[in-house]
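Comments concern the structure below.
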Amino acid sequence: MIDQMYRKAVLTVSGQKFVEDLIRSRGFRLAQRFVAGEDAASALQAVRELEGDGILGNLDLLGEFIDSPEQCSAFADRVLSLLDAANAAGIRPYVSIKLSSVGQGQTVDGEDLGLTNARRIVGKARQYGGFVCLDMEDHPRVDLTLAQFRTLVNEFGNETVGTVLQSYLYRTEADLEALGDLRPNLRIVKGAYLEPASVAMPDKADVDASYRKLVYAQMKAGNYVNVATHDEAIIEDVKHFVLAHGIGKDAFEFQMLYGIRRDLQKELAEQGYRVRAYIPYGRDWYAYFSRRIAERPANVLFVLRGMLRG
Ligand code: FDA
């Protein structure tokens, strides 16, 4: 409950225009703990650095709340350039996209623009042997995102495209079951948006229990799982679960966010687990940054300290 109140307070305050202006005026320096840089070159550099610790990368060009169809398609073009740049640098491209950024919900030439642009991105990723994960956004987008995920898996295969399920939503267990026929590659997360109690569990203990249930169900079904959490208790439980069920280290991976628990990321990689860091980059870092602050009270102190330093 306190978690929910804290998250709500931070996301409400950070949504105020004057707070955004104030934080943005302090520039990228404040965001750099969580964001790799403002351009693709910095993001690829971050991938290289992580590779040194045996950690894989998952690149995310930040760009939320882009709205015109032209802007959405231009954004998709920038993701295509990222795929080219990664491939040229000898990095197997693994990217995450938000369908809203590429036009989901807007119809152009009789088709949802998000799907049209995602098709271009997934198609190019396949050409390079890469992978695209469709991030999950707030609850009104879940139905369409899952439907578009289904279309893309049917066209490009589950080795090229995956998506995300959020354990805080009541609906997610049923969604997991409904996707079963696709043998989907899924990232399981707790969920980062401010959602009403009518759709999302308000109690952290319930969200955590649901998280374990989803990961175990996906593993038992023999489908690839991206265990995306920094929660050490869950990570330990997953390690025991795979041992007890004879599940190989190639059947799943741990995923964490860039700049968060780098020590744990390194430790897991040293233990032979596949570990991937989600590496956001781009000039549009504010919304992403706010969600990370909303996840942990100590992060507010970090921002305030940074601002006081000027
Ligand atoms: P929890 O919040 O319980 O935190 C466990 C511990 O982790 C904390 O005690 C703290 O030590 C540490 N921690 C967590 N967050 C931290 C932070 N911001 N700063 C410092 N320490 C922190 N969500 C979504 O809705 N859609 C999506 O597509 C994705 N995608 C995604 C990809 C990846 C790779 C990750 C790791 C996460 C996401 N998320 C997401 C975000 C996710 O829903 C969730 O908000 C965060 O992962 C925080 O939850 P934890 O599972 O880490 O647990």
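We count ligands from 1, going down the list as the structure has it; atoms in each ligand are counted the same way. Please read all numbers here as calculations on a predicted model, not as lab measurements.
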Pair S73, N117: side-chain N/O donor-acceptor within cut-off below 3.5 Å: yes
Is Q166 close to ligand 1, meaning an N/O of one under 3.5 Å from an N/O of the other? yes
Taking L182's backbone N and O only, do any of them form a donor-acceptor pair with N158's side chain (distance below 3.5 Å, no angle check)? yes
Run down the list R187, M136, K190 and name the one with the heavy atom closest to atom 53 (O) of ligand 1. K190
Short N or O distance, R261 and ligand 1, threshold 3.5 Å exclusive: no
If we count only N and O atoms by modelled type, under 3.5 Å, do the side chains of Q271 and K239 hold a donor and an acceptor together? yes
Which residue and heavy atom of the protein sit nearest atom 19 (N) of ligand 1, plus the separation: N299 ND2, 2.8 Å
May I ask you to identify the nearest protein heavy atom to atom 22 (C) of ligand 1, giving residue, atom name and distance to one decimal place in Å? R296 CD, 3.4 Å
In the complex you have, is atom 4 (O) of ligand 1 within reach of the protein, judged by whether a heavy-atom distance drops under 4.0 Å? no
Nearest non-hydrogen atom to atom 33 (C) of ligand 1 belongs to which of L257, D60, I279, L264? L257
Decide whether an N or O pair under 3.5 Å exists between H230 and ligand 1. yes
With heavy atoms and a 4.0 Å threshold, my read on which part of V164 contacts ligand 1 is side chain
Hey, is E159 close enough to R126 for a salt bridge, meaning N to O under 4.0 Å? no
Top protein contact for atom 38 (C) of ligand 1, by heavy-atom distance: V189 CG1, 3.6 Å
With heavy atoms of K204 as the reference, note each atom of ligand 1 found under 4.0 Å away. 1 (P), 3 (O)
E137, portion touching ligand 1 at heavy-atom distance under 4.0 Å: neither
Between R291 and ligand 1, which residue portion shows a heavy-atom distance shorter than 4.0 Å: side chain, backbone, both, or neither? neither
Are D208 and R212 within salt-bridge range, i.e. N to O under 4.0 Å? no
Considering only protein heavy atoms, which is closest to atom 50 (P) of ligand 1, and at what distance to one decimal place? T229 OG1, 3.5 Å
By number and element, which atoms of ligand 1 are closer than 4.0 Å to a non-hydrogen atom of Y278? 32 (C), 34 (C)
Is there a ring-ring contact (aromatic ring centres under 6.0 Å, His included) between Y168 and Y170? Walk through the geometry before answering. CA-CA 6 Å; Y168 63 9; Y170 292 112; 9.8 Å; no
Enumerated ligand 1 atoms positioned under 4.0 Å from heavy atoms of Q255: 34 (C), 36 (C)
What I want to check is whether the side chains of Y258 and N58 have a donor and an acceptor closer together than 3.5 Å. no
For atom 44 (C) of ligand 1, find the nearest protein heavy atom and state the residue, atom name and distance (0.1 Å precision). E295 OE2, 3.5 Å
Please could you name the atoms of ligand 1 that D135 approaches to less than 4.0 Å, counting only its heavy atoms? 28 (O)
So, regarding R292 and ligand 1 (criterion: nitrogen or oxygen to nitrogen or oxygen, under 3.5 Å), is there a contact or not? yes
Quick check on contacts: which atoms of ligand 1 are under 4.0 angstrom from a heavy atom of Y193? 25 (O)
Side chains of D60 and Y281, donor plus acceptor under 3.5 Å: no
May I ask you to decide whether E253 forms a salt bridge with R276, counting only side-chain N to carboxylate O separations under 4.0 Å? yes
Are any non-hydrogen protein atoms located under 4.0 Å from atom 9 (O) of ligand 1? no
With the threshold set at 4.0 Å, does a side-chain nitrogen-carboxylate oxygen contact exist between R171 and D143? yes
Looking at D39 and R283, is any side-chain nitrogen of the basic one under 4.0 Å from a carboxylate oxygen of the acidic one? no
Mind telling me whether F241 and Y216 have parallel, tilted or perpendicular rings, with 30° and 60° as the class edges? parallel
Could you list the atoms of ligand 1 found under 4.0 angstrom from a heavy atom of G191? 25 (O), 42 (C), 43 (O), 45 (O)
Geometry only, no angles: is A192 polar-contacting ligand 1 at N/O separations under 3.5 Å? yes
May I ask you to test the Q255-V227 pair for a side-chain heavy-atom distance under 4.5 Å? no
Using the rule given for side-chain hydrogen bond (donor to acceptor under 3.5 Å, both in side chains), can you reason through Q166 versus Y193, listing the C-alpha separation, both sets of side-chain angles and the distance that settles it, and then say yes or no? CA-CA 10 Å; Q166 298 154 322; Y193 294 83; over 6 Å; no
